[in-house]
Amino acid sequence: MSFPWANEYKPSHPFMQWMDDRLPLPRLVYNSVGAGYPVPRNLNYWWNFGFMALVCLIIQIVTGIILAMHFAANDTVAFDSVEHIMRDVNWGWLMRYVHANGAAAFFVVVYVHIFRGFYYGSYKAPREMVWLLGVVLFLLMMATAFMGYVLPWGQMSFWAAKVITGLFSAIPMVGEPLQQWLLGGFAPGNATLNRFFSLHYLLPFVIVGVVVLHIWALHIPGSSNPTGVPVKSESDTVPFFPYFIAKDGWTVGAFLFFLAAVTFYAPNMLGHPDNYIPANPMSTPAHIVPDWYFWPFYAILRAFTTDFFFIPAKLMGVLAMFGSILIWFLLPWLDKSPVRSASYRPLYRKFFYVLLVAMAVLFYCGGAPAEEPYVVISQIAAAYYFAHFLIILPIVSAIERPDPLPYSITEAVLGEDESAALSPAE
Amino acid sequence: MAEEAVTDAPELAAGDGVRRRDFINIAAVSVAGVGGLSTLVPLISQMSPSADVLAQSSTEVDISAIETGQAIKAVFRSQPVFIRNLTPAEITEANEVAVASLRDPQTLAERTLKSKENWLITMAVCTHLGCVPLGAGEGESRGEFGGYFCPCHGSHYDTAARIRKGPAPLNLEVPDYEFVSDTVVKIG
């Protein structure tokens, strides 16, 4: 679907006309990311992060395929093959540093993209499916990132594999056999490394597939916008090409500047020195933490230290950690306010910022050692995190009195001036 | 009315609208379904521990060099095992704990072999998420209860390697083992 005033694809070159009659792929591109896709004219910079995430995915796939040409997924040589990439392969160091820091950058971009959704109510009808697919993408990203982290087979890799598969051992009855099945042994070994490599290569292409669905679902109602007011007329939109392609291009350039700065000047800033020690099943590193992008969820995992009625503390922590992300699936139905944008929701806006603070606290505690006071602090923050979704959101959407909404996007941009409202977008 | 009912009922019982084709459909889909599902067995089972991994199922360790109060780490199924020679004080400490108050109630006697109560042999795998706890090496933290301490998520084990504090749900696992001689123990 698109708006009736969307530009129509009219190929002028005879070959393109011939093509359009047989395989209308250029038409699809034109209508999806070209001049045939009308976009609200008032999108702010927070809307640029979806396109940046796509660029990140492409960078990860290209550098990843190159690394796979030089990497050996065998526990006796994997660590050495990574050093071979770093020291001997032409430009190997660049590929690996871009891939490792690119993964972190991907998460930065996606976190902003998700919080854009939280703030502007992007998950609300009619875009629930866009949101649900987005949560699926985030889960796939986390699985892919985890398995990629295991591949260099350093100390942090090995113990990440052990601890994360250990999460599944918390499941009653089937937990331990399940963990052995996942690892292909009693502890992480060659079988684990091999299957993680296989899946780490597969999942990015699954992500590509779900991204296509994510964009498809988005293009049914079209993009939301900072006012949350639906598009009413042609003057509310401008075509995606050239306007937003140009705007996205500029932020991609800025993003690449930061990625390059980290890659060239602080390539190990986000890594752990212990991962330059080959995997040793006999000794756990003193301070074992996942990469920073998992810290908030890791803090929730560790917040459960005592049994909860009949549920053991370990299982409770695991359930809470997975639940803290799975709860996002319910978001469209927990927040019942008909007003999308937090710009017009004074009460929700306050709680949005409190949630940001709670996430920041969890983030900090997740990276800290499992000691007091971090345990108590993460318990409080985790309790607030769940309360935000399960208690605060439903109550706020019931009692809140939203600010008056503008009549249309055009009015929000140009004011109530009559001539402004009538003037076409372009 | 009565006559109609009599003539209708046998027809339904006999035919009931079931055709030969329905039987063929159900039979074909059932066979294909069972066949399709049974291919999942090798597809899933291939990920389980392979024969060579399972073959490393027992290991023998010489414990003659372990002095009272010392502990070592051995390897069993590519996982570390603690072998610890408890001091009399540590044995007393473990026996003084009220068993009912424990998260995973077990006595030291239940976790060791008879007349070999000073030899505490447990997996060196935290029952929380599988890290190797500290406490075997010289100068390592033994936690608040003098046994082992897992640095990953802060689980404290006592001198019988029982969970006392932190997120781990169970005591350190005691593997099957036997004393081949006074100085050699066979694990597995």
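Every chain is numbered from 1 and lettered A, B, ... according to where its sequence line falls, protein lines coming before strand lines.
Within residues 24-40 of chain B, no residue has any heavy atom less than 4.5 Å from a heavy atom of chain A. Scanning residues 64-103 of chain B against chain A with a 4.5 Å non-hydrogen threshold yields B/Lys73, B/Ala74, B/Val75, B/Arg77, B/Ser78, B/Gln79, B/Pro80, B/Arg103, sorted by number. Residues of residues 154-167 of chain B that come within less than 4.5 angstrom of chain A, heavy atom to heavy atom, are B/Gly154, B/Gly166, B/Pro167 in numerical order.
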Dump the intermediate steps for side chain to side chain contact (heavy atoms under 4.5 Å, CB included) on A/Lys314 and B/Leu170, then the final yes or no.
CA-CA 10 Å; A/Lys314 175 180 169 183; B/Leu170 299 171; over 6 Å; no
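Neither the backbone nor the side chain of B/Leu134 comes within contact range of chain A, judged by heavy atoms closer than 4.5 Å. When heavy atoms are compared at a cutoff of 4.5 Å, A/Tyr298 approaches chain B solely by way of its side chain, counted from C-beta outward. Neither the backbone nor the side chain of A/Leu315 comes within contact range of chain B; no heavy atoms are under 4.5 Å apart. Of the atoms belonging to A/Phe304, it is backbone heavy atoms, and not side-chain ones, that fall under 4.5 Å from chain B.
Sorted by first and then second residue, the disulfide bond (SG atoms under 2.5 Å apart) pairs with a member in residues 67-135 of chain B read B/Cys131-B/Cys152; sequence neighbours excluded.
To the nearest 0.5 Å, atoms NE2 (B/His128) and CG (A/Leu167) are separated by 8.0 Å. Expressed to the nearest 0.5 Å, how far OG of B/Ser48 lies from CG of A/Leu183 amounts to 11.0 Å.
Contact count versus chain A (heavy atoms, under 4.5 Å) is highest, among B/Ser50, B/Ala124, B/Gly130, for B/Gly130.
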